[in-house]
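Note on naming: letters A, B, ... go to the chains in the order of the sequence lines (proteins, then strands), and numbering restarts at 1 for each one. None of the values given here were measured: they were computed from a predicted structure.
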2 protein chains.
Amino acid sequence: MAEGYELPLLLFAGFRSFIDELHAELAEQGHPDVRPAYGFALQAVGRDGVTPGELGRRLGVSKQAAGKTVERLERLGYVERTDDPDDGRRKLVGLTPRGVDVLQRSAAIFDRLRAGWAERLGAQRVDELEAALREMVPAGGLRLDAAGWFGA
Amino acid sequence: MAEGYELPLLLFAGFRSFIDELHAELAEQGHPDVRPAYGFALQAVGRDGVTPGELGRRLGVSKQAAGKTVERLERLGYVERTDDPDDGRRKLVGLTPRGVDVLQRSAAIFDRLRAGWAERLGAQRVDELEAALREMVPAGGLRLDAAGWFGA
DNA sequence: CTTTTTCGTCAATCACGTTGACGAGTTTAC
DNA sequence: GTAAACTCGTCAACGTGATTGACGAAAAAG
């Protein structure tokens with residue numbers, strides 16, 4: 001009989017191993033200063049860009065916090081801010097080529113890591129794993145507001 | 001063909017739903033101020049108690065950070081500090097009855113949550129889920145140093 | 001046109017981590 | 001047996017990433 005506390009720890013350990021390997025690879029591929037939280041933020045920015053307020057909404061944080069995140073990402077060269085020509089209040093946050101690069105590399109690395117799981121477990125077991133989790137995770141459950149949630 | 005990025009998000013969402021439900025229940029049961037990070041720390045303290053230095057080692061943080069965590073937990077009434085009679089340098093951190101209570105309740109809630117998964121997925125699929133994760137997670141992978149890891 | 005709303009930012013604060021330094025207590029070496 | 005070396009917990013200063021409140025500028029609504 002499995003102890004109930006083990007399942008969440010396994011889920012977390014699995015997630016963590018993905019993220020750790022992702023960032024180890026990214027570091028080797030010229031992105032040593034991307035932190036897990038930044039990856040979520042860059043993903044939330046997306047190729048179309050966002051305003052700081054919308055970014056905050058996507059990440060589940062205040063617009064001020066999102067603004068600070070943008071500032072850090074800007075200093076690292078992953079995003080840039082431009083004025084919205086149609087609305088003098090808005091600033092548009094968009095990915096730089098470096099930001100696009102890190103997202104492309106991340107997608108490729110995730111695919112490779114998943115393939116590694118399929119190699120060790122068999123493709124079917126990975127599919128079943130995903131299917132089971134999809135059933136248990138609420139529909140809107142793939143949220144990007146992971147940073148800071150833990151200490152909340 | 002599944003996108004590689006989905007699996008880690010599903011793992012995280014699953015973990016998160018466990019932790020969110022745990023803390024919602026704990027709040028109802030008289031522990032509204034336990035945060036996820038505190039749960040890990042209390043688990044690391046354990047029924048035998050630890051020194052702040054050892055706690056830091058278990059949580060993967062500095063002894064100073066562990067000391068601050070102890071201070072917060074002490075203020076909330078979950079742990080208490082006593083002098084080690086055999087070594088004047090050491091302080092022993094032990095669970096208070098309230099600390100023991102929150103651990104017992106957490107274990108019971110985790111068991112209930114896992115039973116809920118088994119009810120929706122079937123016991124076998126949950127077993128297979130755990131088995132697959134156990135295969136992929138490194139042996140020492142059930143570490144307690146989750147807090148602060150994300151922003152590291 | 002005036003009022004209200006929205007947007008981004010500044011400022012102060014808090015939670016939680018870090019490194020460096022330090023006094024007190026214990027252990028080791030001579 | 002005492003001097004040196006190490007270990008323990010804590011203090012201080014600082015960095016990061018979040019919070020709330022306030023505020024000016026711009027847009028929208030009346």
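- Here the side chain of A/Ala65 is nearest to one of C/dG8, C/dG17, D/dT19, namely D/dT19.
- Nearer the 5' end of DNA chain D, as judged by each residue's closest nucleotide, is the contact made by B/Arg57, out of B/Arg57 and A/Pro85.
- A/Lys68 contributes no side-chain N or O that forms a donor-acceptor pair with the base of D/dG17 under 3.5 Å.
- A/Arg90 places its CZ atom 12 Å from the C1' atom of C/dT5, with the value rounded to the nearest Å.
- Residue contacts shown for A/Gly67 are absent, as no nucleic acid heavy atom lies under 4.0 Å away.
- A close approach under 4.0 Å does occur between a side-chain nitrogen or oxygen of B/Tyr38 and OP1 or OP2 of C/dC16.
- Across all strands shown, A/Lys63 has heavy atoms under 4.0 Å from base atoms, whether or not it also approaches the sugar-phosphate.
- Residues B/Phe110 and A/Tyr5 place their aromatic rings such that the two centres sit no closer than 6.0 Å.
- Salt-bridge annotation for B/Glu54 and B/Lys63: absent, with no side-chain N of the basic residue lying under 4.0 Å from a carboxylate O of the acidic one.
- D/dT10 atom P lies 11 Å from atom CG of B/Leu92, rounded to whole Å.
- Nearest-nucleotide mapping onto DNA chain C: of A/Asp87 and A/Glu71, the residue sitting toward the 5' end is A/Asp87.
- Donor-acceptor pairing under 3.5 Å, judged by distance alone, is absent between the side chain of B/Arg89 and the base of C/dT26.
- Distance CG (B/Asp84) to P (D/dG9): 9 Å, rounded to an integer number of Å.
- We find that NZ of A/Lys91 is positioned 4 Å from P of C/dT9, with the value rounded to whole Å.
- Here B/Ser62 reaches the OP1 or OP2 of C/dT18: one of its side-chain N or O atoms lies under 4.0 Å away.
- The pair A/Arg81-A/Glu74 meets the salt-bridge criterion, with a side-chain N (NZ, NE, NH1 or NH2) lying under 4.0 Å from an Asp/Glu carboxylate O.
- A salt bridge does not link A/Glu128 with A/Arg125: none of the charged nitrogens is closer than 4.0 Å to a carboxylate oxygen.
- Contact annotation: A/Arg75 side-chain N/O to D/dT16 OP1/OP2 distance is not under 4.0 Å.
- Between the side chain of B/Gln64 and the base of C/dG20 there is at least one donor-acceptor pair of N/O atoms closer than 3.5 Å.
- Residue A/Arg72 places at least one side-chain N or O under 4.0 Å from the OP1 or OP2 atom of D/dA18.
- B/Asp86 places its CG atom 15 Å from the C1' atom of C/dT27, with the value rounded to the nearest Å.
- Remark: the B/Tyr78 side chain and the B/Asp33 side chain contain an N/O donor-acceptor pair separated by less than 3.5 Å.
- Summarising the geometry, the separation between CZ on B/Phe40 and P on C/dC16 is reported as 14 Å, rounded to the nearest angstrom.
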